[in-house]
Each structure stands twice: as structure tokens, then as C-alpha cells.
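Worksheet for the structure shown next.
Start at 1 and go down the list; that is how both ligands and their atoms are numbered.
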Amino acid sequence: MPTAIAVLNAGSSSVKFSVFVDAGAELRLRVRGQIEGLFTAPHFVAKSADGTLLAKQDWDSGTKLGHDGALDHLIGFLRQQQGSMTLAGVGHRVVHGGMEYSKPVRVDAKVLAALDKYVPLAPLHQPHNLAPIRRLLERSPDLPQVACFDTAFHRSNADLVQMFGLPYAMFEEGVRRYGFHGLSYEYIASVLPRYSARAAGGRTIVLHLGNGASMCALDKGFSVASTMGFTAVDGLMMGTRTGNLDPGVVLYLMDQRGMDVRAIERLLYSESGLFGVSGISSDMRALLQSPEPRAKLAIDLYCYRIRRELGSLVAALGGVDALVFTAGVGENSAVIRARVLDDAAWLGIERDTAANEAGGPLLTTTASRVAAYAVPTNEELMIATHTRDAIRAA
Ligand code: ADP
């Protein structure tokens with residue numbers, strides 16, 4: 001019977017999961033699904049890799065299933081699947097690995113306690129990421145669990161890159177730029193050799209443009225800088241997050257408007273970005289279809305912020321050999337890619353109109369001095385791979 005790795009990505013109101021079977025040279029997706037609406041109207045769905053519905057369930061509106069309830073349901077579902085595969089371990093997406101973790105780690109009670117220390121660094125994500133780990137440790141203590149961090153890939157950044165102009169003691173305490181979306185960047189770096197030896201071995205900037213958005217400068221496949229910082233609200237403007245913001249604005253809001261931490265957090269994380277500027281939606285597809293001037297303005301600002309941050313990362317790398325677009329917008333929107341590529345014409349980028357509209361992978365002409373690609377990311381596969389490797393190494 002094949003062995004399988006389950007991957008969990010637990011957020012504030014949903015738990016996404018996938019199951020990969022170990023097919024020797026590769027891990028093959030077998031099942032994926034999610035339980036969403038954990039505290040409102042829970043809804044569970046599981047599908048096979050080809051999209052066939054395997055199971056679904058709805059709970060009454062108002063049911064508070066919570067993370068533990070969701071995990072118990074998932075365990076039940078996975079047990080039913082056990083007839084066709086043996087679960088070798090579970091990999092978890094964990095947003096913060098702090099200064100300590102530069103690679104995935106097998107989790108026991110001691111490691112879990114260490115990861116709890118990072119809750120204040122990512123209060124909106126870390127507690128939810130850790131909830132299923134805790135529950136599984138209680139319920140199935142012998143099942144290997146591996147935590148894979150969004151920050152780990154950026155631990156290769158030089159101290160200078162991580163530093164703010166704050167008193168040095170704060171840097172030592174951990175107030176520094178961590179960077180996020182590391183599992184996506186690591187996956188892209190791992191598949192780049194399939195697309196281009198120059199991109200894999202040179203200076204490449206990856207644009208992860210999803211609901212959350214950031215960019216990462218890779219040198220020979222290693223992260224040297226990125227746009228997100230101490231938290232995942234820094235850098236590019238996103239679906240509902242501000243991106244880079246003068247800290248003086250926060251002081252002003254506290255001082256003049258009497259806003260407290262929670263109100264400012266809501267503003268910066270949930271009420272800003274494409275949604276806040278447009279007043280219409282955080283969804284790029286909806287904005288691209290909207291005739292409203294503010295939808296256009298939000299898209300203009302989104303692209304302008306990419307243009308500015310791209311220049312900054314090119315400067316950090318001292319030049320650039322390739323660009324890579326990934327995640328929802330980067331993989332699917334020829335319109336946004338075209339705008340970003342044309343804004344970057346100063347780098348010697350020449351867009352290939354037909355190739356971009358066809359989705360690439362190569363998006364630029366043969367004459368282009370810098371090549372650009374669209375490459376699908378796969379954070380779940382990255383987590384499954386790390387989990388399998390960590391279990392094998394044990
Ligand atoms: P998440 O960060 O939640 O994983 P995704 O990577 O799925 O999000 O990206 C979601 C974003 O991608 C949404 O803004 C969505 O509108 C956008 N998107 C998906 N497909 C397209 C498309 N064809 N054109 C423009 N935007 C798209």
C-alpha cells in the first residue's frame with residue numbers, strides 16, 4: 001500500500017488540506033479539500049486530484065466547529081481513506097519560524113512550545129497554524145508532524161538586509177525583517193532549472209501576486225531580499241493589506257483619531273489595499289472587469305507599487321537576469337503581467353504579446369535582455385516534500 005503525506009494549512013476561519021502519495025521519484029496529489037466557515041456555517045469538501053467529489057458535509061449555520069472540531073472531522077475522513085494508503089506523516093504550513101528555524105522541523109511538545117513564542121510576531125496566523133499540531137500531538141502522538149515555515153527561506157538574508165534603523169538591541173531581540181511566502185519562493189527556486197539555467201543560476205526576481213503579495217530577489221536560487229518585513233503587511237499593496245506605509249501614519253491615527261491596536265490592525269490588514277482604495281473588491285478579477293474609476297485607480301496603484309519595489313530589488317541584486325510571475329494574479333492575469341513588464345522596459349525587458357496572452361511560460365521576446373516567465377507555484381507540494389524528507393532523515 002502506498003504511503004501518504006497529508007498537508008495542512010490552517011487559517012483563521014478555514015483549514016485547507018491535501019494528501020500526496022509517495023510514488024517513488026515524485027509525490028503525487030491524491031486528495032485536496034478544505035473546511036471553511038469554522039465559526040459561522042462550516043462546510044467540508046474533499047476532491048480527488050482530477051476534481052471528482054469524494055466527500056462533502058455542511059453544518060448548520062451558527063455551528064462553531066472551531067479548529068479542533070475541523071481537525072477531528074479531517075482525521076475521520078483520512079481514516080476512511082486509510083484503506084487505500086498509509087499516512088506516514090503530516091506537514092503543516094506555519095507562518096513564523098522566528099530567528100531560530102531556517103528549515104522545516106519535526107514537531108514535539110518542546111518544539112511546539114518554541115513555536116508558541118512566535119505568536120506575538122504573527123498573532124493573526126500563528127495560533128491557527130499551531131492549533132492542529134497541538135490537537136494531533138494529543139490525539140496521535142506517534143504520527144510524525146513537520147512544521148514548514150514561511151520565513152525559513154529568507155533566513156539566508158544578510159544581517160544588513162534584515163535590519164531596521166532602530167536601536168541595535170531591538171534587532172538582537174528579533175525586531176527585524178523576516179520575509180514571508182518563503183515556501184512559494186523555495187518551490188519556484190526548485191523548479192527554475194526546468195525553465196532556464198540563467199534564471200536558476202543568476203539574479204532572479206520572483207513576484208508572488210496572490211491575495212497576499214510580495215516579491216523576492218533570488219541569487220543563484222537563494223533569497224537575498226524580499227518586500228515583506230517584520231510582518232506580512234509590508235511591501236506591495238495587496239488584496240486588503242496596505243503594504244509599505246510610513247509609520248508616522250500609525251502615530252497620527254493613534255494620536256488624532258484615538259485608534260487602538262485592534263482598530264489599526266483591522267485597517268492595515270483587512271480594510272486597505274485593492275479593497276480599501278477601490279471601495280469595491282479585493283479580488284483582482286472583479287476590479288479588472290469593473291468600469292468604476294476607483295477600480296482603475298486601485299489597479300494603477302497596485303502596479304505602481306510593484307514598479308517601485310521592483311526597482312528596489314534590482315538595486316539590491318545589482319542587476320537582474322530574469323523575472324518570474326506566480327500565484328493567482330501572476331499566473332493568470334496577462335493584463336497585470338503586461339503592465340508590470342512594460343513598466344520594467346527600462347531594464348531591457350521586451351514583452352512578447354502573444355506569449356504573455358497564452359500564459360507563457362516564457363513571456364518575453366528573444367531580443368529581451370531580461371527574460372520573464374509565468375511559473376505556477378505549489379506550496380503544498382513543497383510542504384509535502386519537506387515532510388517526507390524530514391521523516392526519512394529521522
Ligand atoms: P491566495 O493568496 O489566497 O492563495 P491566490 O494566489 O489564489 O490567493 O490569488 C488570488 C488572486 O488572484 C485574486 O485577487 C484573484 O482575483 C486573482 N486571480 C485569479 N485568476 C485571475 C485572473 N484570471 N485574472 C486576474 N486575477 C486573477
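When Gly328, Gly11, Gly210 are checked for heavy-atom proximity to atom 18 (N) of ligand 1, Gly328 turns out nearest. For atom 20 (N) of ligand 1, the nearest non-hydrogen atom from the set Thr326, Thr377, Val335, Asn332 comes from Asn332. Counting only non-hydrogen atoms, the option in Asp283, Leu274, Asn211, Leu209 that gets closest to atom 2 (O) of ligand 1 is Asn211. For atom 11 (C) of ligand 1, the nearest non-hydrogen atom from the set Leu287, Ile336, Val329 belongs to Val329.
Annotation: the span from Leu218 atom CG to Phe153 atom CZ amounts to 5.0 Å, rounded to 0.5 Å. Distance CG/Leu115 to CD1/Ile133: 6.5 Å, rounded to 0.5 Å.
If you check the side chains of Gln57 and His43, you find no donor sitting under 3.5 Å from an acceptor. Inspection of the His154 and Ser223 side chains reveals an N or O donor paired with an N or O acceptor under 3.5 Å.
Sequence neighbours left out, the pairs with a member in residues 67-77 that pass salt bridge (Lys or Arg N to Asp or Glu O under 4.0 Å) are Asp68-Arg135, Asp72-Arg135, Asp72-Arg139.
Heavy atoms of Gly239 come nearer than 4.0 angstrom to ligand 1 in no pair at all.
For an aromatic pair to be called close, the ring centres must be under 6.0 Å apart, and Phe180 with His96 satisfies this. With ring centers used as reference points, His73 lies under 6.0 Å from Phe44.
Taking the ring axis of Tyr269 as reference, the NZ or CZ atom of Arg241 does not stay both within 45° of it and closer than 6.0 Å to the ring centre.
Considering backbone and side-chain N/O atoms, Ala327 never comes within less than 3.5 Å of an N/O atom of ligand 1. Residue-to-ligand polar distances place Arg285 within reach of ligand 1: an N/O pair is separated by less than 3.5 Å.
Heavy-atom contacts of Ser333 reach the following atoms of ligand 1: 24 (N), 25 (C) (cutoff under 4.0 Å). In summary, the atoms of ligand 1 found under 4.0 Å from a heavy atom of Leu288, numbered by their order in the structure, are 25 (C). Within ligand 1, the atoms closer than 4.0 Å to a non-hydrogen atom of Gly212 are 2 (O), numbered from 1 in the order shown.
Among all non-hydrogen protein atoms, the one lying nearest atom 14 (O) of ligand 1 is Met284 N, 3.1 Å.
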